[in-house]
Amino acid sequence: MGSKDFKLPDVGEGVAEGELVSWLVGPGDTVEEDQPVAEVETDKALVEVPSPYNGTVKELHVEEGTMVPVGDVIITYEVEGEGDESAEAEPEPEAEETAEAEAEASAEAETAESEQAETSAKGGRVFAAPSARRLARELGVDIAAVSGSGPSGRVTDADVRQAAESEAGASASAETESEAQEGGGPRDVDVGGKSSVTKRGEAGNGQQPSDVEAAGRDRTLAAPATRRTAKEQGVDLNDVPATEMRDGEAFVSAAAVTEYAEAQQAAQEADAQAVAEAGAVADEETASATSEGGISGERIPYRGVRRTIGEAMQNSKFTAPHVTHHDSTDVSALVELRAELKEVAAERDVRLSYMPFVMKAIAAALKQYPYMNATLDEENEEIVLRDEYHIGVATATDAGLMVPVVENVDQKGLLQIAEEMNDKIERARDRSIGRDELRGSTFTITNFGVVGGEYATPIINYPEVGIMGLGELKERAVVEDGDVVARHTLPLSLSIDHRILDGAVAAQFANKVMEYLQHPKLLLLE
């Protein structure tokens, strides 16, 4: 009988940590291989962690509700016929050490020292792929100082390259400032007939010392990494003074973006200081109430699925310029057809709602308007017209909004779509749905009408370019041949990414969807 430690595995693609929600076993329990021992919530879903051994639970190392990094020991087993890991882990060194062994020991010590530095710099572990660590060493970047953009703060290769560019930019900025202090003149770059002059320590025309005149161009050349830097720092590339001219176009480097952002921030800080000196004093009680930790009320951790949803919504809203098209359509014929087919579906143990009809209508319309079924590859500056029709259905759960995906809707019948959709929605709500079933959609539907309301402004499920919101389907007053009559109507709210789609295309697509919903038997021809 020996002890075996079990470390938290990567329970999802690229997951760096997870919250241990609950233990399914306790000390002294006998477990079998592949038996679930714990429930862990990642940034995507709630998953069960299976045991890798047959044995007895010796010790639980983590309390419920704790965030656990991947690779940390969470449980120790007593395993039949196994030696103690701690005893096996320390072989005796040989008396004589060769030069090669000394070199290896030195390299290991250097690596350990590096990892320790990474840990101490942030006060915790640095999560990064081996390729990112290798790239950081090659570029001379301190990986512990890099802010990760991956899941749960994981450092990616792109983060390392951006950090290297930023350091180079900071170095160039420092050299420029040093030259200015030694008597060098201000930098003056003429682009498109506009001149931008910057010299630290001098102010003119009422500007703050660090203010920089916006170049105000219509087009600017820059590397993808530079564009990411500008986006993260909230800088419009067209306002940054050009570094050089390439093929008659203004070119901006990452260093110029960083310098411009710092100058603007310095100007804002100077303005704020001026206001403060003029006598603007914040109320002490208000400041105390709004300071960190000073707000009263129940506190709920912002993490897991809820945080992932928030980050996705923020990324979508601030990346894709949203435009929403509103319309309403008479679906009286759809109501009648669904009533006829509902009994047939029930005989086959399938619950038939209106959603499968809407999904079929949207898939048919997407084929006729391919730019609605697209995505923007920003890295390669290409619009990708998808040849698959995978429809996501936004679903409210206790943990927040999830989007189960029904694949190849254009190739499936109504009952098959209904059965698959109902199953995935149910498993999303009880948190048993797989991660792969929440990814890969090319267009999304959100049915806010089920809880009331007619119109909304749905946020696109980025990187898709469109999302359709359904209002409440009910009888409303409609003018028909001069008479006011009651008709079942369905309000629609279509949000689009205005970088890819124009309002006219959105209206045409919505009209085609409404045509299918007004005459649902047309779907039989698709």
Side-chain angles (χ1 to χ4, degrees), residues 10-22 36 39-49 67 150-152 300-317 319-320 322 351 353-356 358-359 362-363 375 386 388-409 412 416-453 456-471 493 495:
D10 185 347
V11 292
E13 185 180 341
V15 171
E17 62 181 355
E19 179 183 358
L20 201 149
V21 177
S22 63
E39 289 184 320
V40 174
E41 183 176 53
T42 69
D43 58 352
K44 293 292 184 184
L46 185 71
V47 296
E48 292 183 339
V49 178
M67 294 299 295
S152 302
I300 301 171
Y302 180 57
R303 61 193 183 201
V305 175
R306 182 72 267 170
R307 184 177 65 185
T308 301
I309 293 170
E311 291 172 349
M313 294 297 99
Q314 177 177 309
N315 179 51
S316 176
K317 191 65 177 177
T319 300
H322 283 52
R351 182 173 58 83
S353 64
Y354 292 106
M355 185 63 77
V358 177
M359 294 170 71
I362 285 177
T375 187
R386 303 293 300 275
E388 303 161 317
Y389 301 90
H390 304 330
I391 308 298
V393 181
T395 302
T397 73
D398 291 340
L401 203 64
M402 293 189 179
V403 186
V405 180
V406 179
E407 298 180 343
N408 302 312
V409 169
K412 297 175 180 177
Q416 184 179 0
I417 294 172
E419 189 171 22
E420 187 174 336
M421 180 196 71
N422 294 337
D423 172 63
K424 290 186 175 182
I425 287 177
E426 183 178 346
R427 288 189 290 112
R429 285 175 175 157
D430 65 21
R431 309 296 300 283
S432 63
I433 193 168
R435 289 168 56 90
D436 290 341
E437 297 173 293
L438 299 171
R439 297 185 296 190
S441 57
T442 62
F443 191 92
T444 296
I445 305 172
T446 177
N447 184 13
F448 50 81
V450 72
V451 292
T457 306
I459 296 179
I460 296 168
N461 187 16
Y462 189 79
E464 297 166 23
V465 299
I467 181 173
M468 180 164 282
L470 309 180
S493 299
S495 290

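Residues S493 and F448 share a closest heavy-atom pair of OG-CZ, 4.0 Å. Nearest heavy-atom pair across P36 and E48 is CG-OE1, 3.4 Å. The two residues R351 and A418 come nearest to each other via the heavy atoms O-CB, 3.9 Å. Taking all atoms of both residues into account, the shortest heavy-atom contact from A363 to V409 is CB-CG1, 4.0 Å. Of all heavy-atom pairs between P458 and I467, the closest is CB-CG2, 3.7 Å. The minimum heavy-atom distance between V405 and S441, with the atom names listed, is CG2-CB, 3.7 Å.
With values rounded to the nearest 0.5 angstrom, T442 atom OG1 is found 9.5 Å from N408 atom CG. The CD1 atom of I391 lies 6.0 Å from the CD1 atom of I362; values are rounded to the nearest 0.5 Å. I460 CD1 to M313 CE: the interatomic distance, rounded to the nearest 0.5 Å, is 10.0 Å.
For CD of E388, the number of neighbouring non-hydrogen atoms (other residues, nucleotides, ligands) closer than 6.0 Å is greater than 12. When the shell of 6.0 Å around CG of D430 is examined, it contains more than 12 heavy atoms from other residues, nucleotides or ligands.
Here the side chain of E464 pairs a donor or acceptor atom with the backbone of T444 at under 3.5 angstrom. Panel note: side chain H390, backbone V406; no donor-acceptor pair is recorded below 3.5 Å. Between the side chain of R429 and the backbone N or O of A396, at least one donor-acceptor pair lies under 3.5 Å. No donor-acceptor distance shorter than 3.5 angstrom exists from the side chain of T395 to the backbone of I425, with no hydrogens or angles considered.
A 4.5 Å side-chain heavy-atom check between F443 and M468 finds at least one atom pair inside the cut-off. Side-chain contact check for E437 versus P404: every heavy-atom pair is 4.5 Å or farther apart.
Looking at residues two or more places apart in sequence or on another chain, you find no side-chain hydrogen bond (donor to acceptor under 3.5 Å, both in side chains) involving E419. Residues satisfying the side-chain hydrogen bond (donor to acceptor under 3.5 Å, both in side chains) criterion with Q314, sequence neighbours excluded, are absent altogether.
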- Item | Intermediate values then yes/no, side-chain contact (heavy atoms from CB on, under 4.5 Å), L470 and M355 | CA-CA 9 Å; L470 309 180; M355 185 63 77; 4.0 Å; yes
- Message: Run the side-chain contact (heavy atoms from CB on, under 4.5 Å) test on V393 and M359 for me, step by step, so that the C-alpha distance in whole Å, both residues' side-chain angles and the decisive distance to 0.1 Å come before the verdict.
- Response: CA-CA 9 Å; V393 181; M359 294 170 71; 4.0 Å; yes
- Message: What verdict does the side-chain contact (heavy atoms from CB on, under 4.5 Å) test give for S495 and T457, after you've listed the backbone C-alpha separation in whole Å, the side-chain angles of each residue and the deciding distance to 0.1 Å?
- Response: CA-CA 7 Å; S495 290; T457 306; 4.2 Å; yes
- Might you work through the side-chain contact (heavy atoms from CB on, under 4.5 Å) test for H322 and S316, ending with a clear yes or no? CA-CA 9 Å; H322 283 52; S316 176; 3.6 Å; yes
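Using a 4.0 Å cut-off between charged nitrogen and carboxylate oxygen, E420 and K412 count as a salt-bridge pair.
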